[in-house]
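Here's the structure, in structure tokens; my notes come after.
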Amino acid sequence: QVQPVESGRGLVQAGASLRLSCAASGRTFSRRAVGWFRQAPGLEREFVAHISWSGSSTSYADSVKGRFTISRDNAKNTVYLQMNSLKPEDTAVYYCAARGGSYGAIDADEYDYWGQGTQVTVSS
């Protein structure tokens with residue numbers, strides 16, 4: 001069983017940076033691909049970024065490419081999402097999710113374990 005837990009919520013101004021963390025219990029987390037998703041009020045959950053189990057492969061949504069960086073430290077069972085140059089449209093609840101495969105996916109249905117989410121609010 002894997003239980004991701006997100007942290008790093010915050011209220012920041014446009015242009016600021018924020019780092020989210022996803023720490024998980026369970027011995028298999030380090031062997032699973034992990035994705036970050038977000039959901040703004042009234043909108044569907046959308047893909048943000050994913051990373052392979054080893055960290056060698058990453059992928060980003062076009063809306064965050066060049067601003068966000070996903071990384072992981074398997075010794076700490078933790079995945080990070082560094083968010084720079086934040087925009088008001090980045091405001092959402094951010095979710096971390098793990099899947100059984102070695103490589104990530106952009107479809108939320110491919111993920112088996114989800115965190116409870118953490119709020120990110122960017123003011124203009």
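Start at 1 with the first residue, then count along the sequence.
- Looking only at side-chain heavy atoms (C-beta outward), F29 and V34 come within less than 4.5 Å of each other.
- What you find for K87 and V122 is that their closest heavy atoms are O-CB, 3.3 Å.
- With contacts defined as side-chain heavy-atom distances shorter than 4.5 Å, the pair T118/L20 qualifies.
- Put simply, the side chain of S63 reaches to within 4.5 Å of the side chain of R38, judged on heavy atoms.
- Looking only at side-chain heavy atoms (C-beta outward), Y80 and I70 stay at 4.5 Å or farther from each other.
- Residues Y111 and F37 bring their aromatic ring centres within 6.0 Å.
- Between W114 and Q3 the shortest side-chain heavy-atom distance does not fall below 4.5 Å.
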Just distance, no hydrogens or angles: give the donor-acceptor pairs under 3.5 Å from side chains in residues 6-14, sequence neighbours left out.
residue	atom	partner	partner atom	Å
E6	OE1	Q116	N	3.1
E6	OE1	G117	N	2.9
E6	OE2	C96	N	2.8
E6	OE2	G117	N	3.3

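- The salt bridge (Lys or Arg N to Asp or Glu O under 4.0 Å) analysis of residues 15-24, with sequence neighbours excluded, yields no pairs.
- Qualifying side chain to side chain donor-acceptor pair (under 3.5 Å) partners for N84, counting only residues two or more places apart in sequence or in other chains: S17, Q82.
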What donor-acceptor contacts under 3.5 angstrom involve side-chain atoms of residues 98-108, with partners at least two apart or in another chain?
residue	atom	partner	partner atom	Å
R99	NE	E110	O	3.3
R99	NH1	Y103	O	2.4
R99	NH2	E110	OE1	3.2
D107	OD1	D109	N	2.9

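- Residues V120 and L18 are in side-chain contact: their nearest non-hydrogen atoms beyond the backbone lie under 4.5 Å apart.
- Screening residues 66-79 for salt bridge (Lys or Arg N to Asp or Glu O under 4.0 Å), with sequence neighbours left out, gives R67-D90.
- V64 and Y94 fall within the same hydrophobic cluster, defined by Ile, Leu, Val, Met, Phe, Trp and Tyr side-chain heavy atoms under 4.5 Å apart, directly or through other members.
- Counting heavy atoms from C-beta outward, V48 and Y60 have side chains that stay 4.5 Å or more apart.
- Residues passing the side chain to side chain donor-acceptor pair (under 3.5 Å) test with Q39, sequence neighbours excluded: none.
- Nearest heavy-atom pair across S30 and N74 is O-ND2, 3.4 Å.
- Donor-acceptor pairing under 3.5 Å is recorded for the side chains of T121 and Q119.
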* R45 vs Y95, side chain to side chain contact (heavy atoms under 4.5 Å, CB included): CA-CA, chis, key distance, verdict -> CA-CA 9 Å; R45 189 170 298 188; Y95 297 89; 3.7 Å; yes
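- Residue C22 comes nearest to P4 through the heavy atom pair SG-CB, 3.7 Å, listed as atom of the first residue, atom of the second, then distance.
- In this structure, the side chains of V79 and I51 come closer than 4.5 Å at one or more pairs of heavy atoms.
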